[in-house]
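Heads up, the thing below is written out as structure tokens.
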Amino acid sequence: MTIDELTAEVHKSAANMPQLGKSIKLALKEGTIHIDLTGDSPAITNEDKDADCVITTDIDTLVGMRTGSVNPMMAMMGGKIKIKGDMGLAMKLQGLLT
């Protein structure tokens with residue numbers, strides 16, 4: 001999967017995302033996806049902007065978490081995922097992107 005394909009998937013999931021008053025940045029090796037949940041509707045871009053929660057990983061790990069083939073806790077313990085900022089927001093991410 002490419003960064004463009006993943007961004008398109010996030011756009012599809014955006015309809016189900018609640019207004020949380022926060023933003024999430026997926027800092028992937030392949031590029032950046034910024035999910036802004038502060039407005040009336042989610043704004044998804046590939047801009048590298050500041051966010052309340054920054055999740056650093058790669059596309060394969062993120063897709064594996066979405067499909068259930070990668071355990072998020074094991075990925076964190078194994079160093080495949082790094083989280084900076086609002087940990088509670090990060091924990092909501094898997095539910096938001098499915």
Side-chain angles (χ1 to χ4, degrees):
M1 180 174 281
T2 67
I3 189 73
D4 293 331
E5 291 169 332
L6 183 58
T7 302
E9 290 291 321
V10 172
H11 271 286
K12 286 180 192 175
S13 299
N16 300 323
M17 293 181 187
Q19 179 183 348
L20 298 175
K22 299 191 178 206
S23 60
I24 302 168
K25 178 168 65 173
L26 301 175
L28 307 170
K29 292 178 183 175
E30 301 83 0
T32 300
I33 300 175
H34 189 270
I35 306 166
D36 187 347
L37 302 172
T38 60
D40 292 335
S41 60
I44 315 300
T45 68
N46 291 111
E47 295 178 53
D48 189 5
K49 301 191 284 188
D50 289 338
D52 298 294
C53 178
V54 179
I55 299 170
T56 305
T57 189
D58 59 45
I59 287 178
D60 291 338
T61 301
L62 188 61
V63 169
M65 286 183 0
R66 290 182 72 196
T67 62
S69 64
V70 172
N71 180 309
M73 216 34 111
M74 295 303 289
M76 279 187 62
M77 290 172 34
K80 290 184 176 190
I81 299 173
K82 294 180 181 149
I83 299 172
K84 245 188 196 179
D86 189 335
M87 183 67 79
L89 188 58
M91 301 314 260
K92 294 178 183 177
L93 180 66
Q94 187 172 12
L96 294 175
L97 293 179
T98 55

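Computation of the quantities below employed the complete heavy-atom set of this structure, encompassing side-chain atoms and omitting hydrogens, waters and symmetry-equivalent molecules.
V54 and I33 fall into different hydrophobic clusters, where Ile, Leu, Val, Met, Phe, Trp and Tyr are joined by side-chain heavy atoms under 4.5 Å apart, directly or via other members.
In this structure, the side chains of C53 and K22 stay at 4.5 Å or more apart for every pair of heavy atoms.
Shown here for I3 and G31, the closest heavy-atom pair between the two residues is CD1-C, 3.9 Å.
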Extract all donor-acceptor atom pairs below 3.5 Å that involve side chains of residues 56-63 and protein atoms in other chains or at least two apart in sequence.
| unit_1 | atom_1 | unit_2 | atom_2 | d |
| --- | --- | --- | --- | --- |
| T57 | OG1 | K80 | O | 2.8 |
| D58 | OD1 | D60 | N | 3.2 |
| D58 | OD1 | T61 | N | 2.7 |
| D58 | OD1 | T61 | OG1 | 2.9 |

Show me the donor-acceptor pairs, under 3.5 Å and distance only, between side chains in residues 70-77 and residues at least two apart or in other chains.
| unit_1 | atom_1 | unit_2 | atom_2 | d |
| --- | --- | --- | --- | --- |
| N71 | OD1 | M73 | N | 2.8 |
| N71 | OD1 | M74 | N | 3.1 |

| task | Would you sort out whether I81 and M65 count as a side-chain contact (heavy atoms from CB on, under 4.5 Å), showing the intermediate values? | result | CA-CA 11 Å; I81 299 173; M65 286 183 0; 3.0 Å; yes

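Atom CG of D48 sits about 8.5 Å away from atom NE2 of H34, to the nearest 0.5 Å. If you take CG on L89 and CG on L20, they are separated by 6.5 Å, rounding to the nearest 0.5 Å. How far CD of E9 is from CE of M1: 5.0 Å, rounded to the nearest 0.5 Å. Rounding to the nearest 0.5 Å places NZ of K84 at 8.5 Å from NZ of K25. Annotation: the span from M87 atom CE to I55 atom CD1 amounts to 9.0 Å, rounded to 0.5 Å. Of the inter-residue distances, the one linking L28 atom CG with T2 atom OG1 reads 11.0 Å to the nearest 0.5 angstrom.
Taking the salt bridge (charged side-chain N to carboxylate O under 4.0 Å, His left out) definition, one finds that D52 meets it with nothing, sequence neighbours left out.
Panel note: side chain N46, backbone T32; a donor-acceptor pair is recorded below 3.5 Å.
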